[in-house]
Protein chains: 2
Amino acid sequence: MCKPLPLENNLLHDSPQQNHLDVTHIKSSCATCSLRELCLPVGLNNQEIQILGDVVSHKRKVRRGGYLHQSGLKFQSLFAIRSGFLKTCVLEEDGRQQVTGFHMTGELLGLDAISSEIHTCDAIALEDSEVCEIPFTKLEEISIIIPSLMRHFHKIMSREIVRDHSVMLLLGSMKAEERLASFLLNLSRRFSMRGYSESDFNLRMTREEIGSYLGLKLETVSRAFSKLQDENIITVDNKHIQINDINRLKMKMGNSSCIT
Amino acid sequence: MCKPLPLENNLLHDSPQQNHLDVTHIKSSCATCSLRELCLPVGLNNQEIQILGDVVSHKRKVRRGGYLHQSGLKFQSLFAIRSGFLKTCVLEEDGRQQVTGFHMTGELLGLDAISSEIHTCDAIALEDSEVCEIPFTKLEEISIIIPSLMRHFHKIMSREIVRDHSVMLLLGSMKAEERLASFLLNLSRRFSMRGYSESDFNLRMTREEIGSYLGLKLETVSRAFSKLQDENIITVDNKHIQINDINRLKMKMGNSSCIT
DNA sequence: TATTAACTTTGATTCAGATCAATCAGAGCA
DNA sequence: TGCTCTGATTGATCTGAATCAAAGTTAATA
């Protein structure tokens, strides 16, 4: 009853690129925009990669604080993050705002806009970032030629739905400290999958942005950080986080009814 | 600043079948399982409908309280609801549970399972229901033959993501009464789109299930109902709901900082 | 039709997190 | 170097929703 929960079922995000590209070298029409980092080419052969490469040719930079896309604007392309860190957020006229996700290398942005062909959220860079633009109609066209690409794209969309359901569970039934623990473990895992330390990293977002994502006020986020630090589970120095005891952090997330 | 929010941007669900099937008569291998009600055939010609009909041939009934699918089981098919009412919920080992959605005629279930090919949530009928089973690999195959079907399917998936983001906004930033108002307006709209009254309907779910969906305890849901009734905005008789003043209900949802 | 079980409402009390407020730390800049 | 601005921390207080508890109501089943 009180055993720690398995990692995979509980984290907010699933990685969109668990099986990283196993192709050694790619010729693409855009030499600087290697497909290597992207989430899409998983399991494609060289010729297929070539076809995809012709579509994913346009690279774009977004400076810290800049918009990759804005809610209300016409949708034309998905964006695959090559480097950097972005947030997406939905905004109501009444000022209510909700950060719906934080996104890093290899992840795909813009999926929400396919339905209405209008972006439903803002995507804002939290550090200087680079993305590859993928014109969506072209992606659909080559999906017909490369069924494995289509299948993979469907999985990416589905994974986003699973991720959203996890966040709904978090927002609907977790306490502040549990939410923060989930959040940190999720970041930890995603950093580690990208070859960075799982226990030592810098946050790119403010306490307020974390709060918006987790359905908490910034003061509550700050207090939860301090609490975890007091218990020696993490060390916090402003945006720099060290996880000292990942198992106890998992316990925090796992089950509030456990006596701690 | 305090104007009521436009309906479309604020409701929890978008309908997956706004453009209802405009084809008059369909020959299908499953006469009793007309494609008419389904969300998929939008904009297809007769021949295409025929192809789709061969895929969507298997009909299934689920009695009230029964499972359509269970978390952890292998995914093979999507399910299009022909009639009835279901809930989906994610369940943690520690007993934490979250209703992730309520689903009615024309909606498509199972999208979350595409990513891992294992169902990540339970789908339980809240009243006797009928669904059409759509083997997913077959759907992907004919998507190649019928690009407009593929495009439509992508839109359906994307719409689910948009819906989930709305729920995240609700869970992350709304007060109890606002959440209930959103919920009722959403149901109202979906009933009305299906030809039922938008102001007079029966709930299929318990207060506890509503609470789970809205991130509230059942007592809080009950109190919120009573409060809206005291203000003459709705009339509640157990599961039977009448909306007396839809505009004031929208105000409730719109902006808590409005003086009411 | 009686009996039980499941669901709903309402009240009293408690508590987690919001709000209000003050201080502090770091970054950018004149 | 001091100044300003943004963001982070911490404390005090308040409040909305959770929790605990007791009826009351409806639906299910024998």
Side-chain angles (χ1 to χ4, degrees), chain A residues 63-65 87 95-99 124 126-128 170-181 183-184 202-231 234-241 252 256-257 260, chain B residues 63-66 87 95-99 124 126-128 170-184 202-231 234-241 252 256-257 260:
Chain A
R63 290 197 94 43
R64 179 160 180 266
K87 70 169 177 180
R96 227 194 285 268
Q97 189 181 354
Q98 176 80 21
V99 171
I124 298 169
L126 296 180
E127 61 182 32
D128 292 358
L170 174 139
L171 291 171
S173 71
M174 287 190 186
K175 295 228 233 307
E177 217 184 322
E178 299 171 324
R179 296 184 196 192
L180 188 65
F183 173 72
L184 290 174
N202 284 296
L203 300 174
R204 271 74 170 181
M205 69 296 279
T206 66
R207 302 290 189 260
E208 186 165 19
E209 287 163 332
I210 296 172
S212 173
Y213 184 58
L214 298 179
L216 302 169
K217 291 292 160 183
L218 68 98
E219 295 95 329
T220 307
V221 174
S222 181
R223 278 182 242 272
F225 269 122
S226 301
K227 178 117 186 294
L228 290 175
Q229 171 154 299
D230 290 346
E231 298 179 62
I234 64 174
T235 303
V236 184
D237 177 18
N238 204 357
K239 292 214 157 63
H240 179 224
I241 306 291
K252 282 284 169 191
S256 53
S257 64
T260 43
Chain B
R63 287 197 96 43
R64 178 161 181 266
K87 69 169 176 179
R96 226 193 288 268
Q97 190 181 354
Q98 175 80 22
V99 171
I124 298 168
L126 296 179
E127 61 181 35
D128 293 355
L170 174 139
L171 291 172
S173 71
M174 288 190 185
K175 295 230 225 326
E177 216 183 324
E178 298 172 326
R179 295 184 196 193
L180 187 66
S182 280
F183 172 73
L184 290 174
N202 285 296
L203 301 174
R204 272 74 170 182
M205 70 296 281
T206 66
R207 302 291 189 259
E208 186 165 20
E209 287 162 334
I210 296 171
S212 173
Y213 183 59
L214 298 179
L216 302 169
K217 291 292 159 185
L218 68 97
E219 295 95 328
T220 308
V221 174
S222 180
R223 277 183 242 271
F225 269 121
S226 300
K227 179 117 186 294
L228 289 175
Q229 171 154 280
D230 290 347
E231 298 178 62
I234 64 174
T235 304
V236 184
D237 177 17
N238 202 0
K239 293 216 156 62
H240 179 222
I241 305 292
K252 282 284 169 190
S256 52
S257 63
T260 43

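Lettering of chains follows the sequences in order, A, B, ..., and the numbering in each one begins at 1.
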Looking at B/Leu184, B/Ile210, B/Leu214, which hits side-chain contact (heavy atoms from CB on, under 4.5 Å) with B/Arg179?
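Exactly one option meets the side-chain contact (heavy atoms from CB on, under 4.5 Å) with B/Arg179, and it is B/Leu214.
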Between [N] ([atom2]) and [X] ([atom1]): distance, integer Å:
{"X": "B/Arg63", "N": "D/dA28", "atom1": "CZ", "atom2": "C1'", "answer": "14 Å"}
{"X": "B/Arg64", "N": "C/dC7", "atom1": "CZ", "atom2": "P", "answer": "8 Å"}
{"X": "B/Glu219", "N": "D/dG24", "atom1": "CD", "atom2": "P", "answer": "18 Å"}
{"X": "B/Leu218", "N": "D/dA17", "atom1": "CG", "atom2": "P", "answer": "15 Å"}
{"X": "A/Glu208", "N": "D/dC5", "atom1": "CD", "atom2": "P", "answer": "18 Å"}
{"X": "B/Asn238", "N": "D/dG24", "atom1": "CG", "atom2": "C1'", "answer": "12 Å"}
{"X": "B/Leu228", "N": "C/dT8", "atom1": "CG", "atom2": "P", "answer": "16 Å"}
{"X": "B/Lys217", "N": "C/dC7", "atom1": "NZ", "atom2": "C1'", "answer": "16 Å"}

Whether B/Lys175 contacts D/dA17 is assessed here as follows: a side-chain N or O lying under 4.0 Å from the phosphate OP1 or OP2. Is that the case?
no
Indicate whether OP1 or OP2 belonging to D/dA17 is found under 4.0 Å from a side-chain N or O atom of B/Thr220.
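Indeed not, no polar side-chain atom of B/Thr220 lies that close.
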Going by an N to O cut-off under 4.0 Å, is there a salt bridge joining A/Glu219 and A/Arg223?
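Salt bridge: no.
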Looking at A/Arg64 and A/Asp128, is there a salt bridge between them, counting it only when a charged N and a carboxylate O are closer than 4.0 Å?
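Answer for the salt bridge query: no.
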Over all strands shown, is [X] touching base, sugar-phosphate only, or nothing at heavy-atom distances under 4.0 angstrom?
{"X": "B/Gly215", "result": "sugar-phosphate"}
{"X": "B/Lys227", "result": "nothing"}
{"X": "B/Thr206", "result": "sugar-phosphate"}
{"X": "B/Leu216", "result": "sugar-phosphate"}

Quick one: does A/Arg179 reach the base of C/dG17 with a side-chain donor-acceptor pair under 3.5 Å?
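Counting by modelled atom types and ignoring angles, no donor-acceptor contact under 3.5 Å is found here.
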Is any side-chain N or O of A/Arg223 under 3.5 Å from a base N or O of C/dT19, one able to act as donor and the other as acceptor?
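Such a pair exists between side chain and base.
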Side-chain donor or acceptor of B/Arg204 paired with backbone N/O of B/Glu127 under 3.5 Å:
no
Considering only D/dT9, D/dA17, C/dT9, which nucleotide approaches the side chain of A/Ser226 most closely?
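The nucleotide sitting nearest to the side chain is D/dT9.
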Between D/dT19, C/dC7, D/dT9, which nucleotide has the shortest distance from any of its atoms to the side chain of B/Lys239?
C/dC7
If every non-hydrogen atom of B/Gln97 is compared with every non-hydrogen atom of B/Ser212, which pair is closest and at what distance?
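It is O-OG, 3.6 Å.
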Both B/Val221 and A/Asp237 contact DNA chain C. Taking the nearest nucleotide for each, which residue is further toward the 5' end?
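Between the two, 5'-proximity favours B/Val221.
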